[in-house]
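Here is the structure we will look at.
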Amino acid sequence: MSDDVTVARAPSGTHDVLAPESARWELLVARFARQVERAGYGLAHTPIFEDARVFRRGMGEGSDVVGKEMYEFEDRGGRLLALRPEGTAPVVRAFVQHRPPTPWKAWYVTPAFRYERPQAGRYRQHHQLGVEVLGSADPDLDVEVIGLAARLLASVGLGDVVLHLHSMGDDACRPVYVEDLRRYLADRRSSLCGEHAERFEANPLRTLDCKKEACRAATVDAPHLLDALCEPCAAHFARVRTGLAAVGVAAVLDHRLVRGFDYYTRTTFEFVSGALDGAQNGIGGGGRYDGLVEMLGGPPTPGIGFGVGIERLLLACDAEAVFPTVAHPLDAYVVDVTGGEAARDLTEELRRAGLAADRAFDGRSMRSQLKSADRSGASVAVIVGADELEHGQVTLRPLRSGGDQRTVARAEAAAAVRALLVGGEADRRPTTHRPKDEA
RNA sequence: GUGGCCGUAGCUCAGUUGGUUAGAGCGCCAGGUUGUGGCCCUGGAGGUCGGGGGUUCAAGUCCCCUCGGUCACCCCA
């Protein structure tokens, strides 16, 4: 590629979202907003970049995301900043800074940045919807949060999704379990895959998560963290499971579910799509992080949340042929083959009357303008020719039905267009509904 | 970061053992129709064949490098 062409292209791993696809994003966000606002969550906007330590401390220096995937940079004042690689840490930082009354419930929609090699369902800038709740350790809150995520997926029509559920324990029981696991793996070191034969000392939990057959086989009889939970963690997890069952959210226990960030404690979960054939089939996940607030300098405060990847959710929708792209049809399209003044003024009038209206420019032929009107999806063409101009009239031509066109006084144009829409004579297209109707 | 595959028009693609002015469909523009969209017909615009170098009388085609895309590993949404 020559230089000029390369510049006129979104950076590797990023992508543009244009109409009509962008309308689907709008609709998804509006639907999510309605669901979580109804549950008492408030929208939180936080900066797209933070002091890099916000992420380093929370997600863990050892995590891949912090270690090799963060977009870090120094600003002109010498501060080390990072584009957010995920949504939780910034919200927790905001909590520590502002100390709102607890339990504090927040939701967000945000881009997230990670420097990885792009592939299907994986981007350097992707987008997440999510919620966080700070200040309550009540297991029924775990149920609420997981339920909100499940409901979002169900509401767009996804059916081929499995909720994986696990508990990471807490500071009392997890270290004991990790030591047990390390001992178990040490005896089988030679049968692990090359990578984990080396790394199991540092983080034996990762070995459980390995997809390679060698590690799979070697860990079949490994001790389960769920069997090693301390009494409080076990009680918490039991309450979460009965709660999910009570609200009708199906989950499968997955003792291999080890999420990538260090801050997780107790409940962790992940929604996996069966419709995505790529390796990137996790469309959302989250869990408790009862120590994260402290790590960022706040008082001991429990927390829980989830994030759902918008791109992956929509890929899954495409794979399941649900939640189709919506159109934003026009009500009227103004065709003016006189001097153009009529189009200029009439279009404005129609819009002020609350109609969705567009028009042709550049003084093109009537044939050409009607072609544009047709392609725009408009219900009615509002035509101004020499005759109409002379008599102060407009001709309304239905474009979506067999109805006859008619000529009315120009002053009645907006009302007449509206009558055609309401009467259903002109407007009967099957695939159109608008985000604003949903919100 | 590692590996496989692929780069020809806005899009999807064809292009023979290397051989003349690189094609098709769709889309776009215009005309057929000086006041009427869709269907049909005709015409047109649009290409540094990703870029650079090499082999050759001759390269879209073969070789090398490079850039980009894509898929997978890793990790994650």
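Chain naming here is simple, since letters A, B, ... match the order of the sequence lines and numbering starts at 1 in each. Here the structure is a predicted model, which means the values were calculated and not measured. Atom set for the values below is all heavy atoms of this structure, side chains included, hydrogens, waters and symmetry mates excluded.
- Heavy atoms of A:Glu388 sit under 4.0 angstrom from at least one base atom.
- Residue contacts for A:Ala120: at a heavy-atom cut-off of 4.0 Å it reaches the sugar-phosphate backbone alone, with no base atom in range.
- Rounded to whole Å, the distance from CG on A:Asp387 to P on B:U36 is 12 Å.
- Atom CG in A:Asn281 sits roughly 10 Å away from atom P in B:C73 (whole-Å rounding).
- The gap from the C1' atom of B:G54 to that of B:A58 amounts to 15 Å, rounded to the nearest Å.
- Taking only distance into account, the side chain of A:Arg117 meets the base of B:G3 through a donor-acceptor pair shorter than 3.5 Å.
- Looking at A:Arg367, its side chain has no donor and acceptor atom pair within 3.5 Å of the base of B:U36.
- Spacing of C1' atoms, B:G37 relative to B:U16, comes out at 44 Å, to the nearest Å.
- Distance CG (A:Leu257) to P (B:C75): 14 Å, rounded to an integer number of Å.
- Within a heavy-atom distance below 4.0 Å of RNA chain B, the residues of residues 308-320 of chain A found are A:Gly309, A:Arg312.
- Among the heavy atoms of the strands lying under 4.0 Å from A:Phe261 are primed sugar atoms or P, OP1, OP2 only; no base atom is included.
- If you check B:G35, B:G38, B:C73 against the side chain of A:Gln280, the one that comes closest is B:C73.
- In this structure, A:Arg206 does not pair ionically with A:Asp64, as no charged nitrogen and carboxylate oxygen lie closer than 4.0 Å.
- Whole-Å rounding puts the A:Glu390 CD to B:G35 C1' distance at 14 Å.
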Each nucleotide N or O in nucleotides 25-27 of chain B that has a protein N or O under 3.5 Å away: list the pair and distance.
none

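- Using cut-offs of 30° and 60° on the angle between ring planes, the pair A:Tyr289 and A:Tyr263 is perpendicular.
- The residue A:Ser368 sits close only to the backbone: its heavy atoms come under 4.0 Å of sugar-phosphate atoms, none of a base.
- Between A:Arg56 and A:Asp262 there is no salt bridge, since no side-chain nitrogen of the basic residue lies less than 4.0 Å from a carboxylate oxygen of the acidic one.
- Atom pair A:Lys371:NZ and B:G35:P shows a separation of 17 Å (rounding to whole Å applied).
- Using bins of under 30°, 30° to 60° and over 60° for the plane-to-plane angle, the ring pair A:Phe271/A:Phe269 lands in the perpendicular bin.
- Within a 6.0 Å radius of CZ in A:Arg182, other residues, nucleotides and ligands contribute more than 12 heavy atoms.
- The base of B:U36 sits with one of its N or O atoms less than 3.5 Å from a complementary donor or acceptor on the side chain of A:Gln405.
- Nucleic acid contact class of A:Arg124 (heavy atoms, under 4.0 Å, all strands): none.
- Within 4.0 Å (heavy atoms only), A:Glu69 reaches sugar-phosphate atoms of the nucleic acid but no base atom.
- The separation between A:Gln393 atom CD and B:G35 atom P is 17 Å, rounded to whole Å.
- A:Gly130 comes within 4.0 angstrom of no nucleic acid atom, judged by non-hydrogen atoms across all strands.
- You can call A:His126 stacked on the base of B:A77; the centres are under 5.5 Å apart and the planes sit within 30°.
- For RNA chain B, the stems formed by at least three consecutive Watson-Crick or G-U pairs, with both atom-pair distances below 3.5 Å, span B:1-7 with B:67-73, B:10-13 with B:23-26, B:28-32 with B:40-44, B:50-54 with B:62-66.
- A cation-pi arrangement, defined by a distance under 6.0 Å to the six-membered ring centre and an angle within 45 degrees of its axis, is present between A:Arg124 and A:Tyr115.
- Within a 6.0 Å radius of CZ in A:Phe49, other residues, nucleotides and ligands contribute 12 heavy atoms or fewer.
- A:Asp336 places its CG atom 13 Å from the P atom of B:G35, with the value rounded to the nearest Å.
- Of the candidate nucleotides B:U36, B:G1, B:C71, B:U36 has the atom nearest to the side chain of A:Met366.
- For the pair A:Gln119 and B:U70, the criterion of a side-chain N or O lying under 4.0 Å from OP1 or OP2 is not met.
- If you measure from atom CZ of A:Arg206 to atom P of B:C74, you get 11 Å, rounded to the nearest angstrom.
- Contacts of A:Ser12 with the nucleic acid, taken as non-hydrogen atoms under 4.0 Å apart, involve only primed sugar atoms and P, OP1 or OP2.
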